[in-house]
Amino acid sequence: GFAFDTHAGMPIVSTLSEPYMAQSWWPCKDTPSDKADSVDMIVTVNSAFYAVSNGLLRDSVNNGDGTTTYSTAPKRVGTDSDWTSVAARAAPCAIRSSGALWCWGPRWAGTDVLSPAQVGTETNWREVALGGTHSCATRKDDSLYCWGSNDTGQLGDGSTTGSAIPVAVSGGRSFSALAAGFRHTCGLASSEAGYCWGDNLFGQLGNGTEQAWAPAPVSGISAATAV
């Protein structure tokens, strides 16, 4: 929400740029599936101040009444135009037509990256999904890799040790699809069975246990077509 205060006698309205778990609920219309993928910011402030946002300043207009209106728009990432898919959360990732995987932003097990950097040297990535503090991606041979934070076992390698580079999900299974939650991950095996691992505080793994550090079967799921 917004916080209202004053500084040196001037009113201040502020908000966190990304409140806790904001990726799951804001901005949206009615349900999380309605989340916006970009936002135009139009802010009017006293002309003695400036309004800033993560984006490209599109326009600033002096309104003639002591206020200025700033408009921002989403900023293009680099100049390349050969991206085939993208996933965005706190740390966006995208796959190029060559099959190379590139990511940027905060890396919880490494350092922040301000522009796209290739993840490894492999060029056979097929799909990428982003969790709250971890990322996972499948290769064209159906193998699954994850990296980032691993405090609840969300990387699925049987440990709780984070990794700045992709590590193979244990079990050697083939996965045709995947989805990443805030601190857990789910995948659809080529056998059409569903598996999940990581945090299970609210039963999100669907296996009746507290949590799993490696893929655990989802109860009652044996012929799934999507995850």
Side-chain angles (χ1 to χ4, degrees), residues 21 23-24 32-33 35 37 83-105 107-109 118-120 122-207 209 211-227:
M21 291 190 73
Q23 307 100 323
S24 302
S33 61
K35 288 184 295 180
D37 59 4
W83 306 103
T84 59
S85 64
V86 64
R89 211 161 187 176
C93 291
I95 298 175
R96 308 181 87 154
S97 58
S98 64
L101 176 63
W102 294 65
C103 296
W104 59 99
R107 292 188 178 182
W108 296 270
Q118 186 171 355
V119 179
E122 293 79 10
T123 56
N124 62 341
W125 298 102
R126 183 185 63 209
E127 180 184 7
V128 61
L130 307 180
T133 57
H134 73 291
S135 307
C136 295
T138 54
R139 293 181 180 173
K140 293 178 181 178
D141 62 1
D142 290 341
S143 57
L144 177 56
Y145 293 78
C146 295
W147 63 98
S149 294
N150 198 26
D151 55 319
T152 61
Q154 58 264 51
L155 301 191
D157 65 347
S159 77
T160 55
T161 302
S163 176
I165 61 174
V167 295
V169 172
S170 64
R173 298 178 181 85
S174 296
F175 288 90
S176 58
L178 76 156
F182 187 65
R183 294 201 300 173
H184 73 286
T185 311
C186 292
L188 178 62
S190 298
S191 62
E192 297 184 343
Y195 290 85
C196 292
W197 55 96
D199 184 31
N200 197 30
L201 180 62
F202 302 106
Q204 54 264 55
L205 302 190
N207 57 18
T209 64
Q211 71 181 55
W213 296 352
V218 178
S219 302
I221 303 296
S222 59
T225 58
V227 63

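In this text, all values refer to a predicted model and were calculated from it rather than measured experimentally.
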Find the distance between [atom1] ([X]) and [atom2] ([Y]) and round it off to the nearest 0.5 Å.
| X | Y | atom1 | atom2 | result |
| --- | --- | --- | --- | --- |
| S143 | N124 | OG | CG | 6.5 Å |
| L178 | Y145 | CG | OH | 14.0 Å |
| L188 | T138 | CG | OG1 | 11.0 Å |
| L130 | S135 | CG | OG | 4.5 Å |
| Q211 | R183 | CD | CZ | 8.0 Å |
| W197 | T185 | CH2 | OG1 | 5.5 Å |

Note, [X] side chain near [Y] side chain (heavy atom, < 4.5 Å):
| X | Y | answer |
| --- | --- | --- |
| W147 | I165 | no |
| N150 | S159 | yes |
| C146 | Q154 | no |
| V128 | C136 | no |
| Q204 | D199 | yes |
| V119 | C93 | no |
| H134 | L155 | yes |
| R139 | R126 | no |

Between the side chains of H184 and T152, does any donor sit under 3.5 Å from an acceptor?
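No, T152 and H184 have no side-chain donor paired with an acceptor closer than 3.5 Å.
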
What heavy-atom pair brings S176 and A189 nearest, and what distance separates the two atoms?
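Scanning both residues completely, I find the closest heavy atoms to be OG-O, 4.0 Å.
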
Of the non-hydrogen atoms in C196 and A212, which two are nearest, and what is the gap between them?
O-CB, 4.5 Å

Verdict with supporting geometry, Y195 and R173, side-chain contact (heavy atoms from CB on, under 4.5 Å)
CA-CA 10 Å; Y195 290 85; R173 298 178 181 85; 3.3 Å; yes

Residues in side-chain contact (heavy atoms from CB on, under 4.5 Å) with S190, at least two apart?
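Testing S190 for side-chain contact (heavy atoms from CB on, under 4.5 Å), a comparison that skips the adjacent residues, returns D142, S174.
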
Donor-acceptor check, side chain of S170 to backbone of G156, threshold 3.5 angstrom: yes or no?
yes

Please confirm whether the backbone N or O of D151 pairs with a side-chain atom of S149, one donor and one acceptor, at under 3.5 Å?
no

Report the relative orientation of the aromatic rings in W102 and W83; use parallel for angles under 30°, tilted for 30 to 60°, perpendicular for over 60°.
perpendicular

Working note: V218 + L205, criterion side-chain contact (heavy atoms from CB on, under 4.5 Å); need CA distance, chi angles, decisive distance, verdict.
CA-CA 7 Å; V218 178; L205 302 190; over 6 Å; no

